[in-house]
Amino acid sequence: MTQVPAERAAYDPHAVQERWLPVWDRLDLHRAGRRAGAEKKYVLDMFPYPSGDLHMGHAEAYGLADVLARYWMRRGYDVLHPIGWDSFGLPAENAAIKRDQHPAEYTYANIETQADSFRRYAISFDWSRRLHTSDPEYYRWTQWLFLRFRERGLAYRKSSAVNWCPKDQTVLANEQVVQGACERCGTVVTKRELTQWFFKVTEYADRLLDDMEQLRGSWPERVLLMQKNWIGRSQGAHVDFQVGDRTVTVFTTRPDTLYGATFFVVAADAPLALELCAPAQREALEAYRDEVRKLSDIDRQATDREKTGVDLGVTALNPVTGEQIPVYAADYVLADYGTGAIMAVPAHDQRDLDFARAFGLPVRVVVDTGSPDPAETGQATSGDGVLVNSGPYDGLPKAEAIERVVADLEARGGGKGAINYRLRDWLLSRQRFWGAPIPIVHCPSCGEVPVPDDQLPVRLPDLRGAALKPAGTSPLGAAADWAATPCPSCGGDAQRDTDTMDTFVDSSWYFLRYCSPDFEDGPFDSEAVREWMPVAQYVGGVEHAILHLLYSRFFVKVLQDMGMVDFNEPFSALMNQGQVINQGKAMSKSLGNGIDLGKELSSYGVDAVRLTMVFAGPPEDDIDWADVSPSGSVKYLARVARLAEDVGLLSGDARDADVDRVLARTVDEVTRLVEAQRLNVCVARFMELTNALRRAADAPAPATASLRDGVEALAVMLGCFAPYTAEEVWSRLGHDVDAGDSVHDSSWPAVDPALLVEDTVTCVVQVQGKVRARLEVPPGISEDDLRAQALADPGVVAAVSGREVRTVIVRAPKLVNVVPA
RNA sequence: GCCCCCGUAGCCCAAUCUGGCAGUGCGGCGAGCCCCUUAAAAGGGCUGAGUUGUGGGUUCGACUCCCACCGGGGGCACCA
């Protein structure tokens, strides 16, 4: 190996960082619009929440997106890669209470810390478009959008049983309740009857589901699956049953089993249960409802629970059979799904069967599936089959029966085909301070009155410290001076709405604001949005699979209907990066297994940490920090730096076809790998290329021109992953970075297709599937020539050992398989 | 319980889509040799390691396709 003088044997990543960062700041390399006229690409990271400094997770996510953004810049695209902060939210509020501060102090101090870290971490952001959702200039438009949604009937207030987090003292959307617990703090969620604001997401259920077809292939399959499950479309029918003089509609996916409905159940906690109940059963029902109320959602939803319920002492009339069946109230029927009432078909539904067996109710098979009688086995039969005991429908297969029953119901009245969703409307009110106030005034005479657009934003009052303590109602209510306001409509005394919006409202449109962050005539400039949107590549954690991503999709569809955007999906492609974990577990304070990003960066430098993150595995896989070490990356980067130094000192214009070919193959492959987002493999290829170039540089008569091209191309490609080292390499090759010739303003290396063509290929000759010989042959060799050559090969002859050859399979030019008798 | 993904060297991965040579890289430990620098260390280079989770099937040929099982991860789950 070439002798390395001591003064440059040491590669000091920190010196490299300090040298180039100020130069880059001056050159302003990442401003969107810099390549005006070129095709545009919008690369977006899910924006950060400003809690403390950046951590390992940020380093990974933003590092990955940065590779893609820089790659597209090198490919000549005009790239928008913006940054902002999701800066409303609970942690700031809780910190403010603890420290007797205003939430803004904590928030904006952390934003500055994170911004500075991002800069040193060398993320290619366009800093000129920075936004914060807690700025009045931003939340003005969040409020404006709320009012437009309300005008379209998509924001409305209703009283209902809502999820309540006792710790955070606020209501939560369904999406923010995970397995019965608060998504944020893990506290078991309870129910409260409250009047709250909702967005009518359900009106968009079909489009949210159907438009996922466009995303197939460019979004992770599991995210699409999760959204599909969350929306939960069920095809079925509404069927009307008469209970006394009332019509009670049920939703069923199995109208074919109407003849098997032997009882009827309403949700015990629904008002309907009380309304239907016979006076004699009233007391029993009240007692049962008290029991149900005591259960947590988690207990209630346990599927292995005994079925419980109360006979309401009335009957329901089956519209098809004319039969009167008993009506029960039970907690296994959910008040807020379907109509809150069901027809129970114990033979063909496991839950109904469990209930029937607990209460001694009849089980009637109406679809013969070939399985044994559910009444005997306790196993409901839900599969395909032929109808029996079903009057005129006997003998029909299940699918046909469903159609016929629905058609008959529609013809006669008493029911019709229907689609039902699991998705509920988005509860957006929050009883907390640090969010966008809901721009509504409640007037004793005019009712709900929107704040006029020209009075937006409705700014937050100046509350701090103890005044923010959660008290079950919004702290804004305590700011009496703020809440009291003249009614915009009649001028009389009125009160502002004191709730704030869910912070997911803020983040449902921020990607649009980036296109024109200073626009003052609306939330965004439609012209700018047309140029940049939809986002070409979105990068973020899978934890938002059905929160932020569903909400943003909803927003864009509404904006499309408003004529403000001309596309229906905000994010054309989505990458979910994995988590950074340690010793097999998520990092946490209680486990004490946290890794401090700042320490890693000061030990190994930015580039080594970035490279380690990307190289550790496929982007979507978790990285166990115990399995990797940036020290290997430091060594690699040092090797590259040394190589650049050595090659920079060589003179001459000799070329070597082998070096050129290796380079061409690497560039070609890395290009395809980046496009396929297989970034870890790219790094492996860089290492191979580096090794090949090193060997070539150490040869007795180095091919200087080929080597220079190779190292230069390596610098350009590596620059997307390890920007500081690449700039150093670029500079060592003689580029004057200070004068503006930066590797981060260079072009992706071109590939000469002629260099990708192989002179010869290796043909494998197998005998009975075992490799017995290898032949170097021209790629265009004919089957006959190849067969002849293979059969003449001594190794093959030996392996066949005189036996007769039964078949020869030839796949020119790569393979011959000889099969002896 | 239902659905999805994944099991390749000590480790993270590649080759699986489209069946045809099982390979790149990394780290730890140990050993030897070489280079450089030497007071020493550090640094650089070379040299290893495999029944592709198990069993069956399809095929001339299976890490690759199919089936079953085992193991790991994730999602959904009283949604009618």
Side-chain angles (χ1 to χ4, degrees), chain A residues 1-6 9-11 178-179 220-230 232-234 236-237 239 250-254 257 261 265 267 300-305 307 330-334 336-345 348-352 354-355 382 420-424 542 545-546 584 612 615-618 620-624 626-633 635-636 638-639 642 673 676 678 680-681 683-688 690-691 694-695 698 762-774 806-809 811 814-820:
Chain A
M1 178 184 155
T2 311
Q3 185 170 327
V4 180
Y11 156 79
V178 179
Q179 316 230 301
E221 198 54 42
R222 66 170 171 156
V223 172
L224 295 176
L225 188 69
M226 282 163 77
Q227 293 216 357
K228 179 169 177 261
N229 288 339
W230 188 260
R233 174 155 66 189
S234 297
V239 184
V250 301
F251 175 74
T252 178
T253 54
R254 293 293 303 275
T257 61
V265 191
R300 200 183 147 173
Q301 283 168 12
T303 47
D304 50 0
R305 257 173 75 233
K307 288 284 181 286
D331 64 357
Y332 83 91
V333 172
L334 305 177
D336 56 356
Y337 181 78
T339 62
I342 62 156
M343 63 172 207
V345 184
H348 306 298
D349 182 285
Q350 191 60 46
R351 295 153 302 180
D352 296 345
D354 293 342
F355 190 89
S382 57
N420 199 62
Y421 299 92
R422 212 190 80 107
L423 183 71
R424 312 293 149 84
V542 74
I546 44 176
T612 302
F615 187 42
E620 59 278 10
D621 283 11
D622 286 351
I623 300 172
D624 194 330
D627 289 340
V628 299
S629 168
S631 64
S633 301
K635 278 188 217 162
Y636 168 69
R639 271 207 301 277
R642 261 197 314 276
L673 288 167
R678 302 188 50 196
N680 55 322
V681 187
V683 180
R685 296 296 169 264
F686 294 155
M687 291 172 170
E688 289 168 42
T690 305
N691 291 343
R694 177 81 258 174
R695 276 192 298 273
D698 291 343
T762 307
C763 175
V764 175
V765 186
Q766 301 174 334
V767 179
Q768 268 179 320
K770 296 258 188 297
V771 179
R772 298 296 184 190
R774 271 153 215 205
R806 188 167 54 138
T807 323
V808 180
I809 290 142
R811 295 282 178 273
K814 284 177 71 185
L815 176 118
V816 178
N817 191 12
V818 181
V819 186

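Letters A, B, ... are given to chains in the order of the sequence lines, protein chains preceding strands, and every chain is numbered from 1.
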Check your understanding: Do the side-chain N and O atoms of A:Tyr636 and A:Thr690 include a donor-acceptor pair separated by under 3.5 angstrom?
Key -> yes

Study note, to complete from the structure: Of A:Asp352 and A:Met687, the one whose closest nucleotide on RNA chain B sits nearer the 5' end is A:Met687

Check your understanding: Once the angle between the rings of A:Phe355 and A:Tyr332 is folded into 0 to 90°, is it parallel (under 30°), tilted (30 to 60°) or perpendicular (over 60°)?
Key -> tilted

Point to revise | Pairing residues for A:Val542 by the side chain to side chain contact (heavy atoms under 4.5 Å, CB included) criterion, not counting sequence neighbours | key: A:Arg222, A:Val223, A:Ala545, A:Asn576

Study note, to complete from the structure: Dot-bracket for RNA chain B, 5' to 3', Watson-Crick and G-U pairs with both distances under 3.5 Å, [ ] for crossing pairs, | for partner on another strand, reads (((((((..((.(......[..).))....(((((.......))))).....(((((..]....))))))))))))....

Practice item. Quote, to the nearest angstrom, the C1' distance that separates B:C36 from B:A40. Key: 14 Å

Review point. NA contact type, A:Phe615, heavy-atom cut-off 4.0 Å: base, sugar-phosphate, or nothing?
Key: sugar-phosphate

Exercise for review: Looking at every strand, decide which applies to A:Arg222 at a 4.0 Å heavy-atom threshold: base, sugar-phosphate, or nothing.
Suggested key: sugar-phosphate

Check your understanding: Start at the 5' end of RNA chain B and walk down; is the nucleotide closest to A:Ile342 or to A:Asp622 reached first?
Key -> A:Asp622

Revision key, fill the gap. Picking from B:G75, B:A15, B:C78, the nucleotide nearest the side-chain atoms of A:Arg678 would be B:A15

Review point. Has A:Arg422 got a side-chain N or O lying under 4.0 Å from the OP1 or OP2 atom of B:A80?
Key: no

Practice item. Applying side-chain hydrogen bond (donor to acceptor under 3.5 Å, both in side chains), run through A:Thr612 and A:Ser633 and close with a yes or a no. Key: CA-CA 6 Å; A:Thr612 302; A:Ser633 301; 2.7 Å; yes

Practice item. Indicate, with a heavy-atom threshold strictly under 4.0 Å, whether A:Asn420 touches base, sugar-phosphate, or nothing. Key: nothing

Check your understanding: Rounding to a whole Å, what distance do you find between A:Asp621:CG and B:C13:P?
Key -> 5 Å

Review point. Looking at A:Asn680, does any N or O in its side chain come under 4.0 Å of the phosphate oxygens OP1/OP2 on B:C26?
Key: no

Review point. Roughly how far, to the nearest 0.5 Å, is the NZ atom of A:Lys307 from the CG atom of A:Asp352?
Key: 8.5 Å

Check your understanding: Has A:Arg639 got a side-chain N or O lying under 4.0 Å from the OP1 or OP2 atom of B:C26?
Key -> yes

Practice item. Would you indicate, yes or no, if B:C26 has its OP1 or OP2 atom less than 4.0 angstrom from a side-chain nitrogen or oxygen of A:Lys635? Key: no

Point to revise | Distance in angstrom units between A:Tyr636 OH and B:G43 P, rounded | key: 19 Å

Exercise for review: Please determine if a side-chain N or O atom of A:Arg642 lies less than 4.0 Å away from the OP1 or OP2 oxygen of B:C36.
Suggested key: no

Check your understanding: Using the C1' atom in both, what is the distance from B:G27 to B:C33, to the nearest Å?
Key -> 22 Å

Check your understanding: Under 4.0 Å between a side-chain N or O of A:Ser633 and OP1 or OP2 of B:C26?
Key -> no

Practice item. Just call it for A:Arg233: base, sugar-phosphate, or nothing, with non-hydrogen atoms closer than 4.0 Å on any strand. Key: nothing

